[in-house]
Amino acid sequence: MDLEMAKEKKDILQAGPATLKGHHYDAATIQVLKGLEAVRRRPSMYIGDTSTRGLHHLVYEVVDNSVDEALAGYCTKISVTIHLDNSVTVEDNGRGIPVDMHPTQKKSALEVVMTMLHAGGKFDHQTYKVSGGLHGVGVSVVNALSEFCEVEVYRDGKIHYQKYERGNAKGEVKETGKTNKTGTKTDFKPDQEIFPKIDFNFDVVSARLRELAFLNKGLEITILDERSKKSHNFKYDGGLAEFVKYLNEGKEPLHPKVIYIHKEKEKVDVEMALQYNDTYVENIFSYVNNINTIEGGTHLVGFKTALTRTINNYIQKTGLIKNGEGLSLQGEDTREGLTAVLSVKIPDPQFEGQTKTKLGNSEVKGIVEQITGENLIGYFEENPGIARRIAEKTVLAARSREAARKAKELTRRKSALDSASLPGKLADCSLDDPRLCEIFIVEGDSAGGSAKQGRDRKFQAILPVKGKILNVEKARLDKVLSNEEIRTMITALGTGIKEDFSLEEARYHKVIIMTDADVDGSHIRTLILTFLYRYMKELFEQGMIYIAQPPLYRVKKGNTEKYVYSDAEKEQALKQMGGGDGVNVQRYKGLGEMNPEQLWKTTMDPETRTLLQVTLEDAAEADHIFSILMGEQVEPRRKFIEENAKYVKNLDV
Ligand code: 0RA
């Protein structure tokens, strides 16, 4: 919803039924639950965990409050600053958090919002406030988990100020000056007693802010990192259309202009953008109230249903499939090469699913289905050339799906115990329980040999793959499935792929990619990750994908030896061992240079190794990275690699 629309919506909602009825805000509408001790006692209950991921949620929570103010139609600009000490300032130009006295709490509304749990959950209910989930827990949670927090409210011509430490107010709300602006500025520093690491990752925060800017067209969001002096300014007047363009960067579009639909029906705001490209991958992101619905839900079902039906009808009408060909079209055929973003905003979302990212509201399906269908039919009528290209692509997809069916059957796992069908190259583990088992996908036969000898065969399986595996970003399903390395991986993992993917069939709950620490190694790792991402995305969503971290050097003096994983660590080790005298430094160029015992000790032993978990905290960003790295166009790839030499870090949140 753009900001103009937001203002309009506000009016509509205020005239609406009782549950949504607008009321002028006053402090009494704030619902109070309890104090913040509970949050500090069990932080993960409120922010998921206290790792980097939970840490970053603090920023998102504060920013979400400002975005809500933008959705309500009162805020056009949000700025985020990461300071040298990892404190963060978020400022908006909204109405400012109310500072009047709360009638029952006998405190300023600001203090209630900041120091009481859920105090913010119900206020301003006429806007799209998200209930539950990781977001929408309330800014008081951030306050509770901050060493300090300071808020300035610009309102009624005055600056109001209050400071907190670990959630407790230090003094009353004070007036500290005059101002002619309005808004809220929050400055907080994550508490090191709670978070083991408080270093914010600029790329991670940026990615979420960019996403929010795409999702809220016209809203300006800036970020400045005072540690690195890096900054961005995000403002997309094209909203989701620009989002899709961004996702399709590096791909060849089938039609130059993004298809864009934005309509509202029964208080449900539906916005979508679509563009087909000449690849074979489907790439749909869906959001509800700015939250990425990774598990989909009713809105996505409505969208897909309408898309399938509209394209199908068009194909029937134009006779693109000859009678007698016996080809039946399926939904997936209409989505080959489709990049789309669907964003709905609804007053009272119900989130379901394992990660609470699946929309459950049943009424939304029909609404999205109707809006998508009507507008797509209209678009096809007005743009027959584009409609024809999409229809033809769908027919080709259906034919190739038929051709792929046989190949696919070969790769499907026959039964959980049928080890006869497992690939010969796989050195399987002896335990049966997948939850205890892990598989190392290892580059090259020689490293594979060391890994086989070094492993604990009870729970560790080794699958060597040849250097250049197929780039799935450039190949159609039937070709992908006829590739031997890929077939081997599919069979070994046991899950099947795409629509046939089944987590219950997974033969291992950790998939560890182990490649050399050089350019080739990182290329191969990207190829493998791309394949897993496009064909078994759920493995990422389940946090089952890892990257092994082999050491770069061994530093040895007499009987003491140390394996180190970076140049900085090497320097430190050299210092510790008393400089250059009698110190031997061995650089490991490849996994093959380590003997089995060293490989076990440094990289494979769960007691001593470090694994990098690859998660999809930001699926859109991951997608953009994969398509640029693996896509057709050379120029964006070159540019991207120059700018992001350590791209895998972006994925490791
Ligand atoms: C409820 C009511 C009003 C403002 C806000 C919430 C508000 C909260 C935050 C949190 C961060 N930035 C914010 N900006 C505004 C004001 C209602 C009124 O003035 O009538």
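Both ligands and their constituent atoms are indexed starting at 1 by order of listing. Quick caveat: nothing in here was measured; it's all calculated off a predicted structure.
Taking only non-hydrogen atoms, the option from T184, D156, T186 nearest to atom 13 (C) of ligand 1 is T184.
Residue-to-ligand polar distances place D92 within reach of ligand 1: an N/O pair is separated by less than 3.5 Å.
Looking at C75 against ligand 1, nothing comes within 4.0 Å, counting heavy atoms. Contacts between V139 and ligand 1 below 4.0 angstrom, taking non-hydrogen atoms only, are absent altogether.
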Task: Pair E91-K181, salt bridge (charged side-chain N to carboxylate O under 4.0 Å, His left out): steps then yes or no - done: CA-CA 12 Å; E91 178 167 353; K181 64 178 181 179; 3.0 Å; yes

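Taking the six-membered ring wherever Trp is involved, the centroid distance between the rings of Y533 and F540 falls below 6.0 Å.
No side-chain donor-acceptor contact under 3.5 Å links N361 to the backbone of V364.
The one candidate from V80, V63, I198 that meets the side-chain contact (heavy atoms from CB on, under 4.5 Å) condition with V88 is V80.
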